[in-house]
Structures are given as structure tokens and as C-alpha cells.
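Whatever order the structure lists ligands and atoms in, that order sets their numbers, starting from 1. Quantities reported herein were computed from a predicted structural model and do not represent experimental measurements.
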Amino acid sequence: MKVGIIGSGTMGSGIAQVAATSGCQVILVDNNQEALNKSKSSLERILSRLIEKGRLDNDEKERIQSNITYDNNVAVLKGSDLVIEAIVENLEIKQHLFKTIESHVSEDCIIATNTSSLSIASIASALDKPDRCLGIHFFNPAPLMKLVEIVPALQTSEAVLSKAASIIEDWGKTVAIAKDTPGFIVNRLARPYYGESLRIYEEGIADFEFIDQSLKSIGGFRMGPFELMDFIGNDINYIVTETVFEAFYYDPRYKPSFTQKRLSEAGYLGRKTGKGYYNYDASNKPIYENNAELNDTQLAQDIFERVLVMLINEAADALFLNIASTEDIDNAMTKGVNYPKGLLKWADEMGIEWCVHKMDELYNTYHEDRYRCSVLLRTMNKNKSTFYS
Ligand code: NAI
């Protein structure tokens with residue numbers, strides 16, 4: 001199969017590696033020659049490291065490398081079965097590129113976008129044949145993260161959706177089908193992990209370290225919310241929150257935080273600048289100031305439960321609004337962001353009654369719309385039903 005990938009930055013390079021590893025003929029296109037050179041040498045480094053670790057042999061490395069060609073002209077995509085765009089996140093530039101792609105490829109070539117925040121419908125609308133367009137959203141780093149969200153636009157045909165899903169599954173990925181709504185599944189459902197933790201901090205309930213430690217040791221999350229925001233970059237994480245907030249017509253549930261905005265403005269972006277919520281040592285590890293011991297176990301439990309119930313509420317509402325299926329919602333969080341458990345499964349374990357009670361408790365305390373309980377949870381509680389039977 002011939003696959004074109006446009007944009008040889010972080011995402012395009014990773015997607016090219018995935019497709020080439022599974023045997024596709026990949027053409028990686030970028031309008032910046034330096035980016036192409038960088039992508040090629042970075043793949044060389046990554047594959048050599050895999051050989052050192054014994055996960056790859058030399059023949060396999062050569063096979064993967066020979067499956068990728070590098071070019072700076074979109075015209076070489078002629079004859080592609082699938083093109084995935086991973087260029088700069090800008091609607092006008094993407095629409096212009098989609099028109100150009102369409103002028104070179106055949107009628108039945110699928111044209112996909114890896115966008116995180118733009119609507120697929122708006123990108124598809126640039127095409128003469130918009131039913132061939134959809135979102136194929138990988139996570140960073142693409143070769144390591146199992147999940148791919150597939151997002152049909154209003155215009156996408158059923159045939160294109162199922163063909164794209166089967167290609168991505170052949171590449172060894174877990175597919176979750178998401179509705180074309182802001183943040184798709186993962187970037188929407190993960191908001192409370194950051195937002196509620198920031199709110200807890202802003203209320204003076206606990207410091208970054210204590211909150212991180214509570215979620216790691218009680219919840220089993222691999223990284224605490226503040227460590228994770230520092231890892232992603234406070235500039236990027238803040239913008240995603242702000243974009244989702246605006247896209248949802250300022251629903252208070254997604255309200256961004258001044259704490260993070262100021263960090264971003266100050267240039268305290270996290271790991272990449274050596275300072276964020278934490279300071280970082282020479283080997284880029286966070287320096288824990290007070291080695292937060294969870295001496296107040298009740299407080300740690302309360303913090304964990306408050307963040308968890310907000311995550312569950314978000315997941316339940318996404319199911320209620322048909323954003324994705326129960327299984328895809330749970331897979332998205334365990335395979336896209338490594339959550340220890342699917343959120344709906346977690347809801348069953350904690351008990352639907354517990355979820356409703358916790359949400360109502362928060363609402364009664366704050367009287368803010370942010371804490372409204374999902375109607376789905378309330379109905380399920382009344383009917384004594386669960387997400388999984
Ligand atoms: P990046 O900045 O690392 O790479 C973008 C590449 O596109 C650059 O090499 C640039 O030279 C090239 N480019 C820009 N305009 C072009 C054009 N008109 N024609 C050809 N090449 C062009 O960006 P990154 O992070 O790889 O993101 C790419 C896309 O993937 C964006 O839509 C982003 O929202 C999405 N995305 C990013 C994720 C991430 O964690 N970085 C995760 C999932 C999706």
C-alpha cells in the first residue's frame with residue numbers, strides 16, 4: 001500500500017515510522033528540507049536504539065528505512081491509497097493543502113488529517129469530494145502510543161470510515177471512533193485531571209506535590225497532573241484547555257486556570273525549560289521539595305476522589321452525548337493516556353450511587369455549573385444499572 005504523509009515534524013515522522021514498519025511504501029513530504037533531514041536522522045537514531053535494546057535486527061531496520069522516501073513536493077503523492085496530513089495547526093493552511101492534495105491523487109484516495117483541535121468537517125469542506133476525508137488522530141509518540149482516534153466528519157462516507165479503521169488496525173493500533181466534537185475523546189475526557197487538580201491547588205487545599213502524590217499512590221496514575229502538565233508543556237496544555245473551553249461555548253466545566261496561564265506567560269513551561277510547577281535537575285527529573293509523604297491520608301483520599309469523580313462524570317456525559325461507545329471511551333483513556341483503568345469501568349467499581357452522591361456534594365458546596373452531575377449517571381442510579389453488566 002502507498003501512503004503519503006505530509007509534515008515531517010514530531011507527528012508526521014512518528015506516523016511514517018508506524019506505516020513503514022508495517023510494510024507500507026511511505027512518502028514523507030515537507031516543504032522544509034531541514035525538517036526532512038532531521039526526520040531522517042531521527043529515525044536512524046530511534047531504530048539504532050531499538051537494535052541496541054535487542055528489539056530490532058539490522059535487516060528489519062534497513063527494511064523500514066527503505067520503505068520511506070523523503071520529498072518536498074506534494075505532486076509525488078500521485079498514486080497514494082491514503083494521505084495523512086500532519087502539518088501546522090492552522091485551518092486556512094490545511095484547507096489550502098487539502099485542495100492541492102486532491103488535485104494530485106486519484107478519486108478513491110483517502111485524505112486524512114491528524115489535527116487535534118480543528119473540526120474535521122471544516123477541513124473536509126475544502127475538498128471537491130469531502131466524503132473521502134476523515135480525522136486519523138495519533139498520540140505522541142505515535143510509534144509507542146497504542147490508541148488512534150478515528151473521526152468521521154459529517155461528510156465522510158461509511159466505506160471510507162471502515163477502510164481507514166481497518167488500515168490503522170493493520171498497523172497494530174487500537175482504534176476508537178469519535179464524534180467530530182472538540183477534543184474528540186481523550187483531549188475532552190482528560191480535562192478534569194488537570195482542571196480539577198489546579199482548582200484544588202488554587203483553593204489552597206494542598207500543594208502540587210501532595211496532589212500528584214495522592215493521584216499516583218491512591219489512584220495508580222503513572223504521572224501526577226502537575227508532573228504531566230510539566231511534561232506536556234504548560235504552553236501547549238494551556239492552549240488545548242483554552243481551545244476546548246472556547247469550542248464548548250464557554251462551558252464552565254472546561255474553564256482554564258490562571259495558575260497555568262501565568263506559568264505559561266512567565267516561560268515556566270515545564271521540563272523543556274527546566275522549570276514549571278517543579279524545578280528540574282540535570283537529568284530532567286522533577287525535584288521534590290518536601291518529598292510529599294501522604295501524612296494526611298484522609299486529605300489524599302478526598303483529593304483523589306474529587307478528581308476521579310470529575311473524570312467519571314465527563315466520561316459518562318460523553319457517552320450520554322454519543323461521542324463514542326462505552327468500550328471506545330475506556331480504551332481511549334487506558335491506551336491514549338495510560339490511565340490505570342477505563343473511567344466507566346472505574347465508575348462501576350466505585351458504584352454509580354457513589355458517583356452521583358459525590359457530584360451532588362460538590363455541587364451543593366460550590367453551586368457552580370461546573371459540578372453538575374451527568375443526567376446519565378443520575379438515570380442509571382435510579383435504574384440501578386451499570387456500564388458493564
Ligand atoms: P511540528 O511542528 O513538529 O511539524 C509540522 C511540520 O509540518 C513541520 O516540519 C513543517 O515544516 C511542516 N509544514 C508546515 N506547513 C507545511 C505545508 N504547507 N506543507 C508541507 N509541510 C508543512 O508539528 P506536530 O507536533 O508534528 O503537529 C502536526 C499536527 O499533528 C498538528 O495538526 C497537531 O495538532 C497534530 N497533533 C500533534 C500532537 C503532538 O503531541 N505534537 C498530537 C496529535 C496531533
Heavy-atom nearest neighbour of atom 34 (O) of ligand 1 within options Glu89, Lys38, His137, Met145: Glu89
Closest approach of any protein heavy atom to atom 30 (O) of ligand 1, naming residue and atom: Asn114 ND2, 3.0 Å
Is_contact(atom 9 (O) of ligand 1), protein non-hydrogen, under 4.0 Å: yes
Protein heavy-atom partner closest to atom 6 (C) of ligand 1 - residue, atom, separation in Å: Asp30 OD2, 3.6 Å
Within 6.0 Å of CD in Glu353, more than 12 heavy atoms from elsewhere: no
Atom indices of ligand 1, in the order listed, that fall short of 4.0 Å to a heavy atom of Ile6: 20 (C)
Heavy atom of the protein closest to atom 27 (O) of ligand 1 (residue, atom name, distance): Met11 CG, 4.0 Å
Protein contact of atom 16 (C) of ligand 1 - nearest heavy atom, named by residue and atom, plus distance: Asn31 ND2, 3.4 Å
Numbering as shown, the atoms of ligand 1 that approach Ala35 to under 4.0 Å (heavy-atom distance): 9 (O)
Residues in side-chain hydrogen bond (donor to acceptor under 3.5 Å, both in side chains) contact with Lys216, at least two apart in sequence or another chain: Glu227
Polar proximity ligand 1 side, Asn32 side, N/O cut 3.5 Å exclusive: no
Any Asp251 side-chain heavy atom under 4.5 Å of Arg372 side chain: yes
Closest to atom 28 (C) of ligand 1 among Ala86, Ser39, Ser116 (heavy-atom distance): Ala86
For Thr115, the ligand 1 atoms whose distance to one of its heavy atoms is below 4.0 Å: 32 (O)
Atom 31 (C) of ligand 1: nearest protein contact (heavy atom, Å): Ile87 O, 3.2 Å
Enclosure of Glu158 CD (heavy-atom neighbours >12, cutoff 6.0 Å): no
Ring centres under 6.0 angstrom apart (Tyr371, Tyr363): no
Whether Trp346 and Phe304 hold their rings parallel, tilted or perpendicular, with breakpoints at 30° and 60°: tilted
Contact check, side chains of Glu44 and Ser48, non-hydrogen atoms, under 4.5 Å: yes
Thr115 and His137: CA distance, side-chain angles, deciding distance, side chain to side chain donor-acceptor pair (under 3.5 Å) verdict: CA-CA 7 Å; Thr115 183; His137 185 227; over 6 Å; no
Leu97 heavy atom under 4.0 Å from ligand 1: no
Worked check of side chain to side chain contact (heavy atoms under 4.5 Å, CB included) between Cys109 and Leu82: CA-CA 5 Å; Cys109 172; Leu82 167 68; 5.7 Å; no
Shortest protein contact, atom 40 (O) of ligand 1 (heavy atom only): Asn140 CB, 3.4 Å
Any protein heavy atom nearer than 4.0 Å to atom 36 (N) of ligand 1: yes
Heavy atom of His96, distance to ligand 1 below 4.0 Å: no
Derivation and outcome, side chain to side chain contact (heavy atoms under 4.5 Å, CB included), residues Asp317 and Asn313: CA-CA 6 Å; Asp317 227 32; Asn313 195 50; 5.9 Å; no
Lys NZ or Arg CZ of Arg199 over Tyr366 ring: under 6.0 Å, within 45°: yes
Protein residue, atom and distance nearest to atom 1 (P) of ligand 1, heavy-atom basis: Gly9 CA, 4.0 Å
Protein residue, atom and distance nearest to atom 43 (C) of ligand 1, heavy-atom basis: Phe138 O, 3.2 Å
